[in-house]
Chemist: 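Quick one: structure below, then a few questions.
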Amino acid sequence: MASCSIEDVLAKAERDEAEKLKSITVNKELDLEFDPGSLLAFDKNRIDTREFKGNNREEFLRSLARDNTQLLINEIWKLPTERVEEVIVAKLPDPTTALPRQKPAPKPKPPTKWEQFAKLKGIQKKKKTNLVWDEVHKEWKRRWGYKRAKDDTKEWLIEVPEKADPNEDQFAKKNKAKKERVARNEYNRLKNIARAQKIKVPGMGLAPTPHQSKAELSQAVSIAKVSTASVGKFQENLPKEKTPKNTGKKRKFQPLIGDFGSEKQKQLDLLKLMDSKNPRLNITKAVNKQMREEDMEAARDRRKAFGKKGHRGNMAGKGKGKAGGKGKGPKGKGPKGKGRKPPMKQGKR
């Protein structure tokens with residue numbers, strides 16, 4: 001038993017060593033089609049179904065993948081090469097296979113207000129170098145960003161202007177000015193996005209006007225509510241406050257790649273519904289809708305009839321007194337206003 005186990009171990013070690021030292025030459029009945037630009041190889045050879053369905057399926061697939069990969073690498077090394085930093089690299093050609101995208105291609109970025117103005121005036125942007133010479137440190141540094149040249153934020157001494165307050169902290173003033181510039185740039189960026197999408201600029205609360213309208217006040221209240229850590233989840237409504245518009249839940253779409261079982265069931269349910277001759281109908285919902293429409297129509301007819309009667313009654317009192325004594329004279333029992341006291345004459349008391 002011990003000798004058999006040792007022989008098996010040695011045979012396995014030999015097989016592993018032979019697997020590592022396989023030849024780079026691979027024989028195929030049909031040559032593969034290559035696209036080195038996309039690192040693709042198309043194998044049109046017939047697959048042995050017995051080995052694919054047998055017990056050594058994983059080993060068969062691993063061997064097939066190894067051979068095709070070896071052929072692709074051989075094709076890559078036929079391309080022109082060069083040495084870059086002690087490493088030999090191959091120059092890949094342009095890809096010839098059109099690969100599908102999972103999502104649509106991004107749209108071109110809309111121009112900003114300055115870009116539109118520059119295009120109108122013919123102003124061309126001059127490209128600047130990223131590195132500039134720093135006279136203080138005597139070396140080349142970046143023009144912008146971290147460790148840039150002439151970085152005024154690293155100065156330990158600042159000259160106080162002549163008209164400035166000598167007790168004012170110039171360092172704090174400079175930091176505040178920088179924060180304002182950053183906020184202004186961010187606000188301009190948001191305005192460019194809103195202008196490109198043809199929507200109103202997002203407000204930051206109340207507008208700087210002497211009198212705010214009702215819509216502006218409601219917008220300020222809604223913005224203040226959602227400015228909490230819970231995004232307004234635990235904020236109570238004010239008395240007689242209406243629910244703001246466009247605050248519903250966002251639509252949720254199913255992922256493009258997910259559970260194929262649920263997708264199959266949905267498609268089967270849809271086909272079953274299309275094949276059935278009796279369409280689905282919610283009787284209760286349909287009856288309620290019909291009753292609601294009838295009530296609205298009846299209420300509309302009553303309003304029209306009431307308006308016509310009121311119009312006739314108002315017109316009847318504006319005659320010239322030819323119909324039954326109804327006119328502008330004193331109203332009474334008869335045409336001359338009998339039974340009514342005559343108006344008192346004005347005189348001295």
Chemist: Does this structure show an ion pair linking R62 with E59, if we count only N-O contacts that are shorter than 4.0 Å?
Modeler: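 Salt bridge between R62 and E59, a charged N being under 4.0 Å from a carboxylate O: no.
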Chemist: Quick one: does K113's side chain get under 4.5 Å of N188's, heavy atoms only?
Modeler: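 Counting from C-beta outward, K113 and N188 never come under 4.5 Å.
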Chemist: Do the side chains of L30 and V26 join up, straight or via other hydrophobic residues, at under 4.5 Å, putting them in one cluster?
Modeler: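 No; tracing contacts between hydrophobic side chains, which count when under 4.5 Å, never links both residues.
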Chemist: Measure the CG-CD distance between D269 and Q267 for me, rounded to the nearest 0.5 Å.
Modeler: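 So the CG of D269 and the CD of Q267 are separated by 9.5 Å.
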Chemist: Is the shortest heavy-atom distance from the side chain of L64 to the side chain of F52 under 4.5 Å?
Modeler: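 No, too far: nothing below the 4.5 Å cut-off.
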Chemist: Please examine the side chains of V132 and K150, heavy atoms only from C-beta on, and report whether any two atoms are closer than 4.5 Å.
Modeler: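 No - every pair of side-chain heavy atoms lies 4.5 Å or more apart.
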Chemist: Between F234 and T228, is a side chain to side chain contact (heavy atoms under 4.5 Å, CB included) present by the stated rule, with each step listed?
Modeler: CA-CA 9 Å; F234 303 102; T228 58; over 6 Å; no
Chemist: If you take all heavy atoms of P166 and V160, which pair is closest and at what distance?
Modeler: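 Smallest interatomic distance, heavy atoms only, reads CA-CG1, 4.5 Å.
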Chemist: Donor-acceptor pair, distance only, cut-off 3.5 Å: does the side chain of S63 make one with the backbone of F60?
Modeler: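 Answer holds: no.
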Chemist: Just how far is it from atom CD of Q290 to atom CZ of R292, taken to the nearest 0.5 Å?
Modeler: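 Answer for the CD-CZ pair, Q290 versus R292, is 10.5 Å.
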Chemist: If every non-hydrogen atom of R83 is compared with every non-hydrogen atom of I88, which pair is closest and at what distance?
Modeler: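 Between these two residues, the closest heavy atoms are NH2-CD1, 3.8 Å.
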Chemist: What I'd like to find out is whether the side chain of L92 reaches to under 4.5 Å of the side chain of L39, using heavy atoms alone.
Modeler: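 In contact.
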Chemist: I'd like to know if the side chain of D35 and the backbone of T97 have a donor-acceptor N/O pair within less than 3.5 Å.
Modeler: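 Between the backbone of T97 and the side chain of D35 there is a qualifying donor-acceptor contact (under 3.5 Å).
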Chemist: Just verifying a value: how many Å separate Q70 CD and I73 CD1, rounded to the nearest 0.5 Å?
Modeler: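 Going from CD on Q70 over to CD1 on I73, the span is 5.5 Å.
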Chemist: With rounding to the nearest 0.5 angstrom, report the CG to NZ distance, D48 to K53.
Modeler: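 Between atom CG of D48 and atom NZ of K53 there are 11.0 Å.
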Chemist: Between R101 and K103 (side chain of the first, backbone of the second, donor and acceptor by atom type, cut-off under 3.5 Å), is there such a pair?
Modeler: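 Yes, because the side chain of R101 sits within donor-acceptor range (under 3.5 Å) of the backbone of K103.
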Chemist: Are F34 and L79 grouped together when hydrophobic residues (ILVMFWY) are joined by side-chain heavy atoms under 4.5 angstrom apart?
Modeler: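 Shared cluster, yes.
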Chemist: Evaluate whether atom CD of E29 has more than 12 neighbouring non-hydrogen atoms of other residues, nucleotides or ligands under 6.0 angstrom away.
Modeler: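 It does not: E29 CD has 12 such atoms or fewer within range.
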Chemist: Crowded around D94 CG? As in, over 12 foreign heavy atoms under 6.0 Å?
Modeler: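 It does not: D94 CG has 12 such atoms or fewer within range.
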Chemist: For the residue pair E168 and Q170, establish whether any side-chain heavy-atom pair is separated by less than 4.5 Å.
Modeler: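 The answer is yes, as the side chains (C-beta and beyond) meet within the 4.5 Å cut-off.
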Chemist: Could you check K141 against W133 for side chain to side chain contact (heavy atoms under 4.5 Å, CB included), going step by step and ending with a plain yes or no?
Modeler: CA-CA 6 Å; K141 287 192 173 184; W133 179 256; over 6 Å; no
Chemist: Rounded at 0.5 Å granularity, tell me how far OG1 in T81 sits from CD1 in I76.
Modeler: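 If we round to the nearest 0.5 Å, T81:OG1 and I76:CD1 are 12.5 Å apart.
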Chemist: Kindly compute the distance separating CG (D31) from CD (E75), expressed to the nearest 0.5 Å.
Modeler: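 That separation rounds to 10.0 Å.
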Chemist: So, do Q235 and V226 sit near enough that their side-chain heavy atoms are less than 4.5 Å apart?
Modeler: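 Not in contact.
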Chemist: For residues L32 and L72, determine if any side-chain heavy atom of one lies less than 4.5 Å from a side-chain heavy atom of the other.
Modeler: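 Answer no - side chains too far apart.
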Chemist: With a cut-off of 6.0 Å (strictly less than), are more than 12 heavy atoms of other residues, nucleotides or ligands near CG of N55?
Modeler: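 No, CG of N55 has 12 or fewer neighbouring heavy atoms, counting only those of other groups under 6.0 Å.
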Chemist: Tell me, yes or no, whether the heavy-atom count around E293 atom CD, taken from other residues, nucleotides or ligands under 6.0 Å, exceeds 12.
Modeler: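 Result for CD/E293: enclosed.
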Chemist: Counting heavy atoms not belonging to E139, are there more than 12 under 6.0 Å from its CD?
Modeler: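 Yes, enclosed.
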Chemist: Does D43 form a side chain to side chain contact (heavy atoms under 4.5 Å, CB included) with K28? I'd like the steps, not just the answer.
Modeler: CA-CA 9 Å; D43 188 2; K28 292 277 187 178; 3.4 Å; yes
Chemist: Under a plain distance cut-off of 3.5 Å, with no hydrogens placed, do N192 and R189 share a side-chain donor-acceptor pair?
Modeler: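 Result is no, nothing qualifies.
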Chemist: Check for a donor-acceptor pair, side chain of R143 on one end and backbone N or O of T129 on the other, with a separation under 3.5 Å.
Modeler: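 Checking the backbone N and O of T129 against the side chain of R143, a donor-acceptor pair under 3.5 Å is found.
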Chemist: Between E155 and K174, is a side chain to side chain contact (heavy atoms under 4.5 Å, CB included) present by the stated rule, with each step listed?
Modeler: CA-CA 11 Å; E155 295 178 355; K174 182 178 292 186; 4.1 Å; yes
Chemist: Can you confirm whether K289 is buried at NZ, in the sense that more than 12 heavy atoms of other residues, nucleotides or ligands lie under 6.0 Å from that atom?
Modeler: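 No, because the 6.0 Å sphere around NZ of K289 holds 12 heavy atoms or fewer from other groups.
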Chemist: Taking all heavy atoms of I123 and all of F117, pick out the closest pair and write down the distance.
Modeler: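 Scanning both residues, the minimum pair turns out to be CD1-CE2, 4.2 Å.
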Chemist: Do I47 and F42 share a hydrophobic cluster (ILVMFWY, side-chain heavy atoms under 4.5 Å, transitive)?
Modeler: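 In one cluster: no.
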Chemist: So do K225 and E241 actually touch side chain to side chain, heavy atoms under 4.5 Å?
Modeler: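 Yes, close enough: below the 4.5 Å cut-off.
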